[in-house]
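So the structure is just underneath, and the comments pick up after that.
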Amino acid sequence: MAEMASSGQTPEILFWVGCAGSFDERYKAVTQAFVKILNKVGVSFAVLGPEEACTGDPARRAGNEFLFQMQAVSNIQVMNAYEVKKVVTACPHCFNTIKNEYPALGGNYEVIHHSQFLQQLINEGKIVLQGGGEFKGKKITFHDSCYLGRANEVYEAPRDVIRALDVELVEMKRCKTKGLCCGAGGAQMFKEPEPGKKDINVERAEEALATGATTIAVGCPFCLTMMSDGVKNKEKENDVKVYDLAEMLAKDMGI
Amino acid sequence: MSILPQVIFLLVFAVAGYILFKRISFLRRNIFLGKRETRNDLPDQRWKTMLLVAFGQQKMFKKLTPAILHLMIYVAFVIINLEVLEFVIDGIFGTHRVFAPFLGSAYGVAMNIFEFLAIAVLVSCVAFLIRRNVTKVERFTKPELNGWPAMDANLILVIEIILMFAILTMNATDQILASRGIPHYTLLNGLFFSSFLQPIFQGMSDGSLVFIERFAWWFHIVGILAFAVYVTYSKHLHIFLAFPNTWYSNLKPKGEMINMPEVTNEVNMMLGIASETNQEPPTEIGRFGAKDINDLSWVNIMNAYSCTECGRCTAECPANITGKKLSPRKIMMDVRDRAEEVGKSMDSGGPGLADGKSLLGDYISKEEINACTSCNACVEACPINIDPLSIILQMRRYVSMEESAAPAQWNSMFQNMETAFSPWKFPPSDRFNWAEKVKNEEIKEN
């Protein structure tokens with residue numbers, strides 16, 4: 001972003017990478033896949049790089065409002081300084097926070113989730129799919145992220161993206177408004193669960209495996225981790241893969 | 001004819017009215033122990049939500065069987081109350097079936113509809129009793145229902161069954177008396193359902209029939225008044241509170257947490273940002289987050305009094321499903337029980353809120369609130385838009401900011417965020433490292 005700004009360019013969108021997108025070994029592949037799609041399509045975009053900080057979502061959900069607002073206000077200062085208008089992010093938590101919670105602190109942007117953005121690119125014919133590639137005709141199930149689904153009522157965009165791959169989309173028993181959480185929301189990602197009889201991600205992975213799908217599609221970094229761990233817990237990691245939507249599209253596009 | 005029954009009726013009516021008035025004032029005061037919050041925006045959307053969700057039972061229809069059973073009781077409740085109006089007029093003026101002459105044959109049709117509804121209520125209540133006590137639907141078997149809540153639910157169902165039998169008995173005996181030409185009784189053009197009860201009473205004398213008819217009449221009307229009073233002490237308040245509760249629904253995206261402007265002021269000061277929202281420091285520094293009911297919004301407390309403990313929230317809660325202690329229904333029950341405790345203490349000259357107890361700690365444990373994934377499944381599941389998540393998150397704010405007692409791993413996460421601007425401990429300068437791979441690949445391709 002800094003480079004573009006200094007050379008007088010105004011990118012169409014700011015791609016908000018998020019902490020998982022920047023640091024999580026597995027999830028960095030999603031960031032890379034999404035960026036490759038943007039480059040291929042020729043979308044003018046920028047990232048904040050080292051100027052990006054956590055949106056503060058986990059701090060806020062864990063009750064630390066001071067820390068959340070410190071993060072939020074700093075991020076807003078940076079984005080406002082660059083006159084950012086439109087933000088795209090692959091993380092539903094970043095999406096929810098920037099879209100719904102930053103306006104109260106002076107950050108007003110058009111915020112869209114990458115599933116919505118990818119859907120638009122497909123609809124506009126900018127992403128030309130090769131007919132599903134390795135996914136063609138395979139059973140795929142989509143795991144709804146709470147912060148995309150119930151929190152912001154985005155249910156169809158990710159499904160449209162999957163359908164565009166010419167696959168068989170199968171639904172889990174609990175899906176859309178009734179979708180079961182992966183277990184990581186509300187800052188649970190950052191601590192061990194409370195004592196119980198089962199881990200939430202295992203419960204959800206069992207449900208996903210019961211569909212007979214060979215790929216579990218997700219649209220959230222935390223869900224990606226939790227579902228992958230759940231599948232591993234069931235020792236199915238060789239048969240069933242967990243992918244982000246952007247990775248699936250990039251694979252199909254051969255990039 | 002003696003006016004004694006009328007006097008007695010008026011007395012009973014007045015006493016019930018007085019008790020109801022006192023009880024409603026008590027509930028109202030308890031609800032407004034919560035913090036002020038204005039939710040009057042978007043009135044069109046609010047009316048629409050109330051019409052769809054409360055009046056139209058929209059969210060009940062996610063599961064068909066209980067939805068239909070519940071709808072029958074609901075429709076019957078609304079419509080049979082029209083007959084109660086007649087009961088009241090008859091009671092005050094000593095008349096009998098005062099509407100009959102005005103409505104002509106339509107009256108008989110209306111009575112048949114009421115009888116049908118009474119049967120529908122009977123069937124539904126029996127089905128509900130079976131679901132609770134025989135087939136034991138899972139959400140009715142959770143520990144927070146042990147004791148009084150389970151008894152409360154069964155009592156309501158049994159009372160409704162008895163009240164419906166009273167109506168049918170009254171109609172059956174009433175029509176036998178009318179057919180015998182006893183003055184005062186109006187012969188209607190056949191009452192279908194209660195006619196099945198007539199054989200039981202056919203052989204009785206006029207005197208016993210009048211006694212049974214009057215007894216059933218009194219039992220029904222006194223029963224309804226008693227029930228109205230009972231409702232205000234029970235989980236059954238939802239029959240009224242569902243309406244304001246849905247009107248005051250949260251209309252914002254479910255994922256949005258409400259901002260704390262008092263924190264924004266401090267953050268702006270710390271970061272040296274002048275903002276128009278900068279205000280004089282408040283004279284009395286309030287608590288951050290919620291420890292007790294008076295820290296919550298009045299909407300949260302109204303939510304609690306509206307809850308009928310159906311447990312759809314708990315049945316959808318990922319934490320509860322996987323055996324954690326958290327149950328969103330228990331959160332709502334705890335808020336109500338604490339509000340009742342504080343209210344009673346205040347009215348008896350006790351310490352009220354300053355009784356050394358609090359919602360967090362004495363009713364709700366940290367283990368419960370820490371288990372929440374903030375997934376909004378409970379909020380989505382509630383047929384009348386109750387929001388347990390809002391209460392949980394306000395309590396987390398108290399624990400984190402007032403007590404600094406968040407779980408240790410969260411404290412580490414906070415530390416990482418303070419020092420490295422990420423919940424994980426990576427140097428901020430590494431944020432762009434992922435791009436190396438993309439760049440290398442592009443170079444290779446070219």
Side-chain angles (χ1 to χ4, degrees), chain A residues 17 19 21-23 28 31-32 35-36 39 47 49-50 52-54 56 58-67 69-71 73-74 77 96 99-101 104-106 146-147 150-153 177-178 180-181 183-200 203, chain B residues 252-257 259-260 263-264 266-268 270-271 273 275 288-289 316 318-319 321-326 367 370-377 379-380 393 396-401 406-407 409-410 413-414 417-418 421-424 426 428-435 437-438 442:
Chain A
V17 180
C19 302
S22 305
F23 299 123
K28 270 195 260 184
T31 307
Q32 287 153 353
V35 164
K36 281 194 250 178
N39 282 337
V47 297
E52 187 185 290
C54 175
R60 185 172 237 198
R61 265 87 202 151
N64 195 334
E65 182 74 7
F66 278 101
L67 186 53
Q69 292 202 12
M70 291 292 282
Q71 301 287 312
V73 171
S74 308
Q77 279 188 308
N96 176 69
K99 177 175 173 284
N100 298 323
E101 298 179 355
L105 298 166
C146 310
Y147 275 81
R150 277 186 295 268
N152 289 292
E153 296 179 5
T177 57
K178 287 176 84 80
L180 182 77
C181 176
Q188 298 299 337
M189 186 71 191
F190 305 99
K191 70 165 184 51
E192 289 304 311
E194 282 26 71
K197 56 180 198 267
K198 199 178 197 178
D199 282 342
I200 296 172
E203 168 89 10
Chain B
K252 295 187 176 149
K254 286 197 188 73
E256 179 179 340
M257 266 178 82
N259 196 48
M260 293 178 73
V263 172
T264 311
E266 292 198 29
V267 167
N268 283 343
M270 280 168 78
L271 294 173
I273 302 170
S275 83
F288 289 127
E316 299 288 327
I321 288 169
T322 55
K324 278 83 176 174
K325 269 197 187 146
L326 173 64
E367 183 179 337
N370 287 344
C372 173
T373 69
S374 74
C375 76
N376 266 304
V379 183
E380 179 72 39
L393 292 174
R396 279 193 185 172
R397 280 176 166 167
Y398 174 80
V399 173
S400 180
M401 291 193 282
Q409 286 174 302
W410 276 355
M413 181 260 287
F414 296 156
M417 208 181 283
E418 277 162 19
F421 312 113
S422 158
W424 294 289
F426 291 102
S429 52
D430 286 357
R431 269 203 186 257
F432 202 41
N433 289 1
W434 57 265
K437 195 174 169 224
V438 183
E442 279 176 3

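Below, read A as the first sequence line, B as the second, and so on, with proteins coming before strands; counting in each chain starts at 1.
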Part of [X] within contact of chain B (heavy atom distance under 4.5 Å):
| X | result |
| --- | --- |
| A/Glu52 | both |
| A/Asn96 | side chain |
| A/Tyr147 | side chain |
| A/Leu180 | side chain |
| A/Gln77 | side chain |
| A/Glu203 | side chain |

List the residues meeting ring-ring contact (aromatic ring centres under 6.0 Å, His included) with B/Tyr398, not counting sequence neighbours, and say none if there are none.
none

In chain order, what residues pass the ring-ring contact (aromatic ring centres under 6.0 Å, His included) check against B/Phe421, with sequence neighbours excluded?
none

Heavy atoms only: give me the nearest [X]-[Y] pair and the separation to one decimal.
| X | Y | value |
| --- | --- | --- |
| B/Trp410 | A/Gly186 | CZ2-O, 3.6 Å |
| B/Phe414 | A/Ala59 | CE2-CA, 3.8 Å |
| B/Pro253 | A/Asn152 | CB-OD1, 3.8 Å |
| A/Gln69 | B/Met260 | NE2-O, 3.3 Å |
| B/Met417 | A/Cys54 | CE-SG, 3.5 Å |
| A/Ala187 | B/Met413 | CB-CE, 4.1 Å |

Shorter than 4.5 Å, heavy atoms on both sides: which option in [options] has the most such pairs with chain A?
| options | answer |
| --- | --- |
| B/Lys254, B/Glu442, B/Gln409, B/Arg431 | B/Arg431 |
| B/Asn433, B/Asn370, B/Leu271, B/Val399 | B/Asn370 |
| B/Ala319, B/Gly289, B/Ser400 | B/Ser400 |
| B/Ser429, B/Pro407, B/Ala371 | B/Ala371 |
| B/Glu256, B/Met257, B/Met401 | B/Met257 |

Ranking A/Ser22, A/Cys181, A/Gly196, A/Gly21 by heavy-atom pairs under 4.5 Å to chain B gives rank one to A/Ser22

Measure the CG-CZ distance between B/Leu393 and A/Arg60 for me, rounded to the nearest 0.5 Å.
9.5 Å

How long is the span from the CZ atom in B/Phe288 to the CG atom in A/Asn64, to the nearest 0.5 Å?
11.0 Å

Validation row: B/Ser374, A/Cys146 side chains within 4.5 angstrom (heavy atoms):
no

Check for a donor-acceptor pair, side chain of A/Glu65 on one end and backbone N or O of B/Arg397 on the other, with a separation under 3.5 Å.
no

Is there a donor-acceptor pair closer than 3.5 Å between any side-chain N or O of A/Glu101 and the backbone N or O of B/Asn259?
no

Parallel, tilted or perpendicular: rings of A/Phe23 and B/Phe426 (30°, 60°):
parallel

State whether the number of non-hydrogen atoms from other residues, nucleotides or ligands found under 6.0 Å of A/Lys198 atom NZ is greater than 12.
yes

Counting only heavy atoms not in A/Lys191, do more than 12 fall under 6.0 Å of its NZ?
yes

Begin from the C-alpha positions of A/Leu105 and B/Val267 and carry the test side-chain contact (heavy atoms from CB on, under 4.5 Å) through to its verdict.
CA-CA 11 Å; A/Leu105 298 166; B/Val267 167; over 6 Å; no

Proximity breakdown for B/Ile321 and chain A, heavy-atom pairs closer than 4.5 Å:
both

Report the C-alpha separation of B/Glu380 and A/Lys178 in whole Å, then their side-chain angles, then the decisive distance to 0.1 Å, and conclude whether the side-chain contact (heavy atoms from CB on, under 4.5 Å) test is met.
CA-CA 8 Å; B/Glu380 179 72 39; A/Lys178 287 176 84 80; over 6 Å; no

Quick check with a 6.0 Å cut-off and a 45 degree axis cone: is A/Lys28 positioned over the face of B/Trp434's six-membered ring?
no

